[in-house]
K.L.:
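This is the structure I have questions about; it appears just below.
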Amino acid sequence: MDCPDGWVGVWHDGRVSNPPVTTCVRHPDRPTGLACTRCGRPACPECLRPAAVGQHCVDCVRQGQRDVRPVRSVGGARAGGAVPYVTYGLIAVNVLVYVITAAQAGSPMDNYRGSALFREWVLVPRLVADGEWIRLLGSGFLHYGAIHLLVNMFALYVVGRDLEQVLGRVRFACVYVVSLLGGAAAVMALADSISATAGASGAVYGLFGAVTVTLIRLRQSPTPMLVVIGINVVISLSLPGISLWGHLGGLAAGTLSTLGILFVPGWLSAKTPEAAQRIGWAALTGVAVVCLAVVIAAAAVQRGEPPVVLVGAPPTIGQL
């Protein structure tokens, strides 16, 4: 006999005809009357997940998660409140170096007197010209006393956390290093060749510039940061023993690096996020190359000057 689908049929000879049993596509041994509302395949309750409309099987859920693009900041970093490990790590390294110099000098305030590490890392342009290149970056982790350290680390803590969220850890770290290098390059080119400069302010000034560029990119007012930068420049001009060139060099390098990351891809009409990232990295690399070129040129000029031997405390203090 014929009967509609889903009905039990009885043949003329007494046989009973049952419809085929639907089973889960992932568990063939489990009969089910349920199905995924997205792909239509039968699935058991264990393989289904609640959805806005109906229920989806686990395969469709995974596919949907892959299809959703992660939310990113204007700097290309994944949005979502990650811990600013780079900022905290930089603070920890600066504090550790300070503790070492204070222990070597036997004084928390005069840690630059009698510290072998301070003597080996402080930025003296004439010694860099003689091949002591470690001073270019090492000087950025030295500080003249506890107050100098606290001021710089507080500024790094305030601006570093938010900026790291926008740029991402790797880009933020690179902007910091390029800013530090920019400050050192300015000191090499424009400061006295036997001056001794140390401190993280060059890098911090670079972060000030980076935050200002970021605010403009986000279409927010940069006025508060411009006021902070202006006040700090006035202080650099007014107080003796502060490296103005180191501050301005770091500010310029950090500002240009962040412009390259946030604005240059748009100016060059980057078609995809990947292309924008490549352009940003190229711009950042370009700023670093210019800084290195300035350092090399300044070192070449200073090699003709009389040699310098650094003994004891640095000759002319310049705080960064």
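Side-chain atoms are counted along with the backbone in the values below, which use heavy atoms only and exclude waters and symmetry mates. Positions are given from 1, in the same order as the sequence printed here.
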K.L.:
Apply ring-ring contact (aromatic ring centres under 6.0 Å, His included) to Phe141 and Tyr98, showing your working.
P.N.:
CA-CA 8 Å; Phe141 296 93; Tyr98 168 76; over 10 Å; no
K.L.:
Would you say Leu268 and Leu256 are hydrophobically clustered, going by side-chain heavy atoms of ILVMFWY under 4.5 Å?
P.N.:
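Same hydrophobic cluster.
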K.L.:
To the nearest 0.5 Å, tell me how far Leu163 CG sits from Arg171 CZ.
P.N.:
12.0 Å
K.L.:
Determine whether Thr23 and Thr32 satisfy the following criterion, side chain to side chain contact (heavy atoms under 4.5 Å, CB included), listing intermediate values before the conclusion.
P.N.:
CA-CA 5 Å; Thr23 59; Thr32 181; 5.7 Å; no
K.L.:
When rounded to the nearest 0.5 angstrom, what distance separates CG in Leu207 from CE in Met225?
P.N.:
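Spacing of CG (Leu207) from CE (Met225) equals 9.0 Å.
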K.L.:
Would you say that Val58 contacts Arg26 through its side chain, given a criterion of any heavy-atom pair below 4.5 Å between the two side chains?
P.N.:
yes
K.L.:
Any sub-3.5 Å donor-acceptor pair from Arg135's side-chain atoms to Val128's backbone N or O?
P.N.:
no
K.L.:
From Arg217 CZ over to Thr214 OG1, what is the distance, rounded to the nearest 0.5 angstrom?
P.N.:
10.0 Å
K.L.:
Which heavy atom of Cys57 sits nearest to which heavy atom of Arg41, and what is that distance?
P.N.:
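Distance-wise, the nearest heavy atoms are SG-NH2, 3.7 Å.
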K.L.:
I'd like to know whether CD1 of Ile147 has more than 12 heavy-atom contacts from other residues, nucleotides or ligands below 6.0 angstrom.
P.N.:
no
K.L.:
Indicate yes or no for a side-chain donor-acceptor contact from Gln302 to the backbone of Ala129 under 3.5 Å, with no hydrogens or angles considered.
P.N.:
no
K.L.:
Once you round to the nearest 0.5 Å, how far does CZ of Arg38 lie from NE2 of His56?
P.N.:
6.5 Å
K.L.:
I'd like to know whether Val159 forms a side chain to side chain contact (heavy atoms under 4.5 Å, CB included) with Val228, so could you lay out the CA-CA distance, the side-chain angles of the two residues, the decisive distance to 0.1 Å, and finally the verdict.
P.N.:
CA-CA 11 Å; Val159 301; Val228 170; over 6 Å; no
K.L.:
Is a side-chain N or O of Asn111 found less than 3.5 angstrom from the main chain of Gly145, in a donor-acceptor match?
P.N.:
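Yes; at least one donor-acceptor contact below 3.5 Å.
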K.L.:
If two hydrophobic side chains count as joined below 4.5 Å and joins carry through other members, does Leu226 share a cluster with Val204?
P.N.:
no
K.L.:
Where do Arg119 and Gly114 come nearest, in terms of heavy atoms and distance?
P.N.:
NH1-C, 4.5 Å
K.L.:
Just wondering, do Val170 and Trp281 contact through their side chains at under 4.5 Å, heavy atoms?
P.N.:
yes
K.L.:
Output, in order, the C-alpha distance, side-chain angles, deciding distance and verdict of side chain to side chain contact (heavy atoms under 4.5 Å, CB included) for Trp267 and Val264.
P.N.:
CA-CA 5 Å; Trp267 294 341; Val264 172; 4.0 Å; yes
K.L.:
Could you tell me whether the side chain of Thr255 and the main chain of Ala252 form a donor-acceptor pair under 3.5 Å?
P.N.:
no
K.L.:
Indicate the atoms forming the closest heavy-atom contact of Gly254 with Ser179, along with that distance.
P.N.:
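Of all heavy-atom pairs spanning Gly254 and Ser179, the closest is CA-OG, 3.1 Å.
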K.L.:
Pair Gln104, Phe118 - check side chain to side chain contact (heavy atoms under 4.5 Å, CB included), show working.
P.N.:
CA-CA 9 Å; Gln104 290 178 341; Phe118 204 104; 6.0 Å; no
K.L.:
So which heavy atom on Ser221 is nearest to which on Leu215, and how close?
P.N.:
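Between these two residues, the closest heavy atoms are O-CD1, 3.8 Å.
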K.L.:
For the residue pair Ala35 and Gln55, what are the closest heavy atoms and their distance?
P.N.:
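Of all heavy-atom pairs spanning Ala35 and Gln55, the closest is O-NE2, 3.6 Å.
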K.L.:
Measuring from Arg278:CZ to Thr272:OG1, what's the distance to the nearest 0.5 Å?
P.N.:
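So the CZ of Arg278 and the OG1 of Thr272 are separated by 5.5 Å.
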K.L.:
Under 4.5 Å between side-chain heavy atoms, counting indirect links through other Ile/Leu/Val/Met/Phe/Trp/Tyr residues: same cluster for Val301 and Val290 or not?
P.N.:
no
K.L.:
Quick one, Ser243 and Val187 - any side-chain contact, counting heavy atoms below 4.5 Å?
P.N.:
yes
K.L.:
Nearest 0.5 Å please: distance from the OG atom of Ser257 over to the CG atom of Leu284.
P.N.:
5.0 Å
K.L.:
For Ala283 versus Gly260, what's the shortest heavy-atom pair and its separation?
P.N.:
CB-CA, 3.4 Å
K.L.:
Given side chains that start at C-beta, do those of Trp121 and Leu137 come closer than 4.5 Å, heavy atoms only?
P.N.:
no
K.L.:
Indicate yes or no for a side-chain donor-acceptor contact from Ser115 to the backbone of Tyr112 under 3.5 Å, with no hydrogens or angles considered.
P.N.:
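Side chain of Ser115 to backbone of Tyr112, a donor-acceptor pair under 3.5 Å: no, none is there.
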K.L.:
Is it possible for you to say whether Tyr144 and Val99 belong to one hydrophobic cluster, with membership spreading through side-chain heavy-atom contacts below 4.5 Å?
P.N.:
yes
K.L.:
Under a 4.5 Å cut-off applied to non-hydrogen side-chain atoms, are His247 and Tyr205 in contact?
P.N.:
yes
K.L.:
Indicate yes or no: at least one non-hydrogen side-chain atom of Cys47 is less than 4.5 angstrom from one of His27.
P.N.:
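In contact.
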K.L.:
Any chance you could lay out the side-chain hydrogen bond (donor to acceptor under 3.5 Å, both in side chains) test for Glu164 and Thr87, step after step, and finish with the verdict?
P.N.:
CA-CA 7 Å; Glu164 184 176 341; Thr87 299; 2.8 Å; yes
K.L.:
Please determine, by modelled atom types, if His143 and Asn152 share a side-chain donor-acceptor pair under 3.5 angstrom.
P.N.:
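Yes, Asn152 and His143 have a side-chain donor paired with an acceptor closer than 3.5 Å.
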K.L.:
Quick check: do Phe154 and Leu150 have side-chain heavy atoms less than 4.5 Å from each other?
P.N.:
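SC-SC contact between Phe154 and Leu150 ruled out.
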K.L.:
For a 4.5 angstrom cut-off between non-hydrogen side-chain atoms, does Arg161 reach Tyr88?
P.N.:
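Yes, close enough: below the 4.5 Å cut-off.
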K.L.:
Give a yes or no on whether Leu181 and Met188 share a hydrophobic cluster (residues Ile, Leu, Val, Met, Phe, Trp, Tyr; joining criterion: side-chain heavy atoms under 4.5 Å apart).
P.N.:
no
K.L.:
Determine the interplanar angle of the Phe172 and Tyr176 rings, folded into 0 to 90°, and report it as parallel if under 30°, tilted if 30 to 60°, perpendicular if over 60°.
P.N.:
tilted
